[in-house]
S.K.: 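Here it is, the structure, as C-alpha cells.
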Amino acid sequence: MSTLTVRKLNVDLSRGFARHWMGGDIYRTAFMNALSMSFPLGEQMFIDSVRAVPPETLPDAALRAEVKDFIGQEASHRYVHQQYNDQLARQGYDYTLEEHTRKRVALIARLPVHDRLAITCALEHYTAMLADFVLRHPAWLAAAEPQMRTLWSWHAAEESEHKAVAFDVYRAAGGGYWKRVLWYLHVSLVFWWDTTRQTAYNLRRDRALWSWSTWRSAAGAWFGRSGLVWHLLKPGLDYLSPRFHPWQHDNRALLQMWLESNDDAVRAIRSTPD
C-alpha cells in the first residue's frame, strides 16, 4: 500500500479572496502569490518527469504505487493553484514569467530522464523545506483568511508527505550524486531569482515595492526570529551531502498533527495498493 493519500480540498475559491489576504501584509501576500503563480507549470513538470521513467527501472511495487499517488497529489495541487491564479488575474496580477517558464519547461522536457528527475528532486526539496516552514510555524499563516490558510497548509502537508518520492525514483533509475547536486545549485539560483522577480512585480502592481512597511515586513519574514533564512539554511545545505535523503528530516509528526486537526478540510480519495 502506498504511504500517500490523494485528497480533495474542501475550499471554494470561486468566491475569491481579499487582495492582501495575509492579514493585510502586502509583502507576505505578494511572496505567497508569486509561489502560487509558478505552481501549475511546475507541478505538471514534476508529473511528466516521473512518468518519463521507464517502468522496468522501478521494480519495487510499493514505489510504483507511491509514484501513482504522487501524480494524483500533484495534479490536485496544479488544479487548485490554477483556480487561485485565476482569481489573482481577476485582481490584476499577471504571471509575468509565464512565457519564459513555458519555454524553460519545454527545454527541460527534451533532456535525458535522469536530468529531468534531478531538476524535479531539487524543486521538490525546496517545496518540502517551505512546506515544513508553514507547518512548523503556524504563526506565518495565522492572520490569513481561513480558506487561504487551509489551502496553503493542505499543500504543505501533502508536499511533506510525498517529499521523498521523486528522490527515490531518481535513485532507483540510477541517478548519481554529481548530477543531483549540480542541478540543485542551478535550480536554486533560478528558483529564487524567478520568485523574487515575480514578488517584485506583484508589489509594483500595488505601488508598494518601495514602501517602508513592505521592506520591514520582508526583513521580518526572512531574518526575524522565525525567519525563512534560518529555517531553510541547514536543510538546504544538507542536500549537498552524498548521504542525503529527504526523510533524514522526519516531520511526519507535523503532517499527522495537521491531518488530525483538519479532517473536515479534505476528503480522502485513494491510496494505491502495491
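Basis for what follows: all heavy atoms, side chains included, without hydrogens, waters or symmetry-related copies. Note that this is a predicted model, so its numbers are computed, not measured. Note that the numbering runs from 1 along the sequence shown for the chain.
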S.K.: Check for a donor-acceptor pair, side chain of N202 on one end and backbone N or O of F31 on the other, with a separation under 3.5 Å.
M.R.: no

S.K.: Test E159 against H162 for side-chain hydrogen bond (donor to acceptor under 3.5 Å, both in side chains), laying out the working first.
M.R.: CA-CA 5 Å; E159 288 296 331; H162 72 226; 3.1 Å; yes

S.K.: Taking the six-membered ring for Trp and the full ring for Phe, Tyr or His, determine whether the centres of Y95 and Y201 are under 6.0 Å apart.
M.R.: no

S.K.: Between the side chain of T195 and the main-chain N/O of F191, is any donor-acceptor distance below 3.5 Å?
M.R.: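 Such a contact is found between T195 side chain and F191 backbone.
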
S.K.: Dump the intermediate steps for side chain to side chain contact (heavy atoms under 4.5 Å, CB included) on W183 and W178, then the final yes or no.
M.R.: CA-CA 8 Å; W183 272 119; W178 284 109; over 6 Å; no

S.K.: Residues in side-chain contact (heavy atoms from CB on, under 4.5 Å) with S226, at least two apart?
M.R.: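 H137.
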
S.K.: Are H125 and F244 an aromatic pair by the rule of ring centers under 6.0 Å?
M.R.: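 Yes, they do, as the ring centres are separated by less than 6.0 Å.
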
S.K.: Using atom types as modelled and distance alone, determine if a side-chain donor or acceptor of T214 lies under 3.5 Å from a backbone N or O of Y27.
M.R.: no

S.K.: Would you check, one step at a time, whether the test side chain to side chain contact (heavy atoms under 4.5 Å, CB included) holds for Y170 with V50?
M.R.: CA-CA 9 Å; Y170 177 75; V50 296; over 6 Å; no

S.K.: Answer with yes or no whether the side chains of T96 and D94 bring together a donor and an acceptor at under 3.5 Å.
M.R.: no

S.K.: When you check the gap from the basic side-chain N to the acidic O, do E158 and R7 get nearer than 4.0 Å?
M.R.: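 Yes, charged N to carboxylate O under 4.0 Å.
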
S.K.: Assess the side chains of Q87 and Q91: does a donor N or O sit below 3.5 Å from an acceptor N or O?
M.R.: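 No - no donor-acceptor pair under 3.5 Å links their side chains.
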
S.K.: Give a yes-or-no answer on whether the side chains of H20 and T29 include a donor-acceptor pair shorter than 3.5 Å.
M.R.: no

S.K.: Hey, what do you get for CG (L41) to OG1 (T101), rounding to the nearest 0.5 Å?
M.R.: 6.5 Å

S.K.: Tell me whether R180 contacts the main-chain N or O of Y239 through its side chain, where contact means a donor paired with an acceptor under 3.5 Å.
M.R.: yes

S.K.: Could you check R78 against I47 for side chain to side chain contact (heavy atoms under 4.5 Å, CB included), going step by step and ending with a plain yes or no?
M.R.: CA-CA 10 Å; R78 179 192 61 199; I47 291 170; 4.0 Å; yes

S.K.: Side chains of Q83 and V11: does their closest heavy-atom pair fall under 4.5 Å?
M.R.: no

S.K.: Any sub-3.5 Å donor-acceptor pair from R267's side-chain atoms to L9's backbone N or O?
M.R.: no

S.K.: Compute the centroid of each ring, for Y126 and then for Y184, and state whether the two points are separated by less than 6.0 Å.
M.R.: yes

S.K.: Side chains of S38 and Q198: any donor to acceptor distance under 3.5 Å?
M.R.: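 Note: Q198 and S38 side chains miss the donor-acceptor criterion.
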
S.K.: Do NZ/NE/NH1/NH2 and the carboxylate oxygens of D194 and R104 come within less than 4.0 Å?
M.R.: yes

S.K.: Taking S261 for its side chain and W258 for its backbone only, find out whether a donor-acceptor pair lies under 3.5 Å.
M.R.: no

S.K.: Given the rule in the side-chain hydrogen bond (donor to acceptor under 3.5 Å, both in side chains) test, do H231 and D132 qualify, once you have shown the distances and angles that lead to the verdict?
M.R.: CA-CA 9 Å; H231 186 84; D132 184 81; 2.9 Å; yes

S.K.: Indicate whether the side chain of D206 and that of Y93 have a donor and an acceptor atom separated by less than 3.5 Å.
M.R.: yes

S.K.: Could you tell me whether a side-chain N or O of Y177 sits under 3.5 Å from a main-chain N or O of L240, the two making a donor and an acceptor?
M.R.: yes

S.K.: Might you work through the ring-ring contact (aromatic ring centres under 6.0 Å, His included) test for H155 and F39, ending with a clear yes or no?
M.R.: CA-CA 11 Å; H155 193 166; F39 285 161; 5.1 Å; yes

S.K.: Answer yes or no: is there a donor N or O on one side and an acceptor on the other, between the side chain of R207 and the main chain of R205, under 3.5 Å?
M.R.: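 No; judged by distance alone, with no hydrogens or angles, the pair does not exist.
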
S.K.: Does R252 count as lying over the ring of W247, i.e. NZ or CZ under 6.0 Å from the six-ring centre, within 45 degrees of the axis?
M.R.: yes

S.K.: Step through the shown structure and confirm whether more than 12 heavy atoms of other residues, nucleotides or ligands are within 6.0 Å of CH2 on W192.
M.R.: yes

S.K.: Under 3.5 Å, is there a donor-acceptor pair linking the side chains of H245 and D168?
M.R.: yes

S.K.: By ring pair (Phe, Tyr, Trp, His ring centres under 6.0 Å), which residues pair with W154, not counting sequence neighbours?
M.R.: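 Once residues adjacent in sequence are excluded, the partners of W154 under the ring pair (Phe, Tyr, Trp, His ring centres under 6.0 Å) criterion are H77.
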
S.K.: Under the 3.5 angstrom rule, does the side chain of D69 hit a backbone N or O of G72 as a donor-acceptor pair?
M.R.: no

S.K.: Looking only at atom types and distance, does a side-chain atom of N85 sit under 3.5 Å from a main-chain N or O of H81, one as donor and one as acceptor?
M.R.: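 Present.
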
S.K.: So E124 and T127, side chain to side chain contact (heavy atoms under 4.5 Å, CB included) or not? Walk me through it.
M.R.: CA-CA 5 Å; E124 280 287 295; T127 58; 3.8 Å; yes

S.K.: Do the side chains of D238 and K234 get close enough for a salt bridge, i.e. N-O under 4.0 angstrom?
M.R.: yes

S.K.: Quick one: ring pair (Phe, Tyr, Trp, His ring centres under 6.0 Å) partners of W210, sequence neighbours excluded?
M.R.: W215

S.K.: According to a hydrophobic-cluster definition based on side-chain heavy atoms being under 4.5 Å apart (Ile, Leu, Val, Met, Phe, Trp, Tyr only), do V165 and V6 belong together?
M.R.: no

S.K.: Can you confirm if the NZ or CZ of R116 lies within 45° of the ring axis of F46 and under 6.0 Å from the centre of its six-membered ring?
M.R.: no

S.K.: Flag the pair W222 / W140 as yes when their ring centroid distance falls below 6.0 Å, and as no otherwise.
M.R.: no

S.K.: Please say whether more than 12 non-hydrogen atoms of neighbouring residues, nucleotides or ligands are located less than 6.0 Å from OH in Y79.
M.R.: no

